[in-house]
Amino acid sequence: MLKNAKVATRLPARDLDRARAFYSEKLGLEPVEQREGGLRYVCAAGEFAIFVSAGTQSGTHTQMGWEVEDIEATVRELRTRGVAFEDYDLPDLKTVDGIAEITGNYPSKGIGERGAWFRDSEGNLLGIGQPVRA
């Protein structure tokens, strides 16, 4: 039943105006629709919504991500807009200039992935990834 359904992400925000400004100024995204307490965005192959919530984001895992063709160019562009990337130095995950080399991937996507993470104005952890092809 869900196999043919469209998938969409929902991200909580305590301050919708602050979130809208972040997504506009930092990521260059504008909502395609808004309702009381919510904003809906559409990207090339999916959509997400930001909704007012009193809940607290854990910020301990990637809540939404984008797959890009050129991660260096994307990181560079986002940095010029004021986006700050997370740095990790863990046994299985280390970033260099904000980008991590990740071994393994889904076979249809390649042999690995390069990833980078940042937080939005509400504390949601967002990621960008570029598959490494064989």
ILVMFWY cluster, M64 and V42 together (side-chain gap under 4.5 Å):
no
Quick one: pull up NE2 in H61 and CG in N124 and give me the separation to the nearest 0.5 Å.
9.0 Å
Could you list the residues that satisfy ring-ring contact (aromatic ring centres under 6.0 Å, His included) with Y88, not counting sequence neighbours?
W117
Mind checking whether E72 and I99 have side chains closer than 4.5 Å, heavy atoms only?
yes
Under the criterion side chain to side chain contact (heavy atoms under 4.5 Å, CB included), I'd like the reasoning laid out for L11 against L126: C-alpha separation, chi angles, the key distance, then a yes or no.
CA-CA 10 Å; L11 297 172; L126 309 175; 4.0 Å; yes
Is the backbone N or O of A21 less than 3.5 Å from a side-chain atom of S24, with the two atoms forming a donor-acceptor pair by type?
no
Here the pair of heavy atoms bringing L29 nearest to F48 is CD1-CZ, 4.0 Å
Listing request: all ring-ring contact (aromatic ring centres under 6.0 Å, His included) pairs with a residue in residues 90-110, at least two apart in sequence or in separate chains.
none
Of all heavy-atom pairs linking F22 and R119, the shortest is CZ-O, 3.6 Å
V96 reachable from I71 in the ILVMFWY side-chain graph, under 4.5 Å edges:
no
Just say parallel, tilted or perpendicular for the rings of F118 and W66, cut-offs at 30° and 60°.
parallel
Stepwise, does the side chain to side chain contact (heavy atoms under 4.5 Å, CB included) test hold for E113 with E67?
CA-CA 10 Å; E113 185 175 16; E67 187 174 299; 5.7 Å; no
Drop me the distance from D97's CG to D87's CG, to the nearest 0.5 angstrom.
8.5 Å
Checking V132 against N105 for the side chain to side chain contact (heavy atoms under 4.5 Å, CB included) test, could you report, in this order, the C-alpha distance in whole Å, the side-chain angles of both residues, the deciding distance, and whether it holds?
CA-CA 8 Å; V132 175; N105 202 342; over 6 Å; no
Taking every non-hydrogen atom, the tightest pair across S108 and R133
O-NH1, 4.4 Å
Membership question, hydrophobic clusters at under 4.5 Å side-chain separation (ILVMFWY): are L27 and L125 in the same one?
no
Supply the atom-to-atom distance R114 CZ to T74 OG1, rounded to the nearest 0.5 angstrom.
11.0 Å
Side chain to side chain, I128 and V75, heavy atoms closer than 4.5 Å
yes
Ion pair check, R76 and D70, cut-off under 4.0 Å
no
Distance from T103 atom OG1 to L93 atom CG, nearest 0.5 Å?
10.0 Å
Closest heavy-atom pair and its distance - A19, A13
CB-CB, 4.1 Å
Heavy-atom closest contact (K94 atom, D89 atom, distance):
NZ-OD1, 3.5 Å
Give, for atom CD of E101 and atom CD of Q130, the distance between the pair rounded to the nearest 0.5 Å.
9.0 Å
R14 side chain to V52 backbone, donor-acceptor under 3.5 Å
no
Could you give me the CA-CA distance, side-chain angles and deciding distance for E122 and D15, then say whether side chain to side chain contact (heavy atoms under 4.5 Å, CB included) is met?
CA-CA 7 Å; E122 307 308 298; D15 184 324; 4.1 Å; yes
Below 4.5 Å, heavy atoms only, C-beta onward: do I50 and Y23 meet side chain to side chain?
yes
Please round to the nearest 0.5 Å and tell me the distance separating atom OG of S121 and atom CG of L16.
9.5 Å
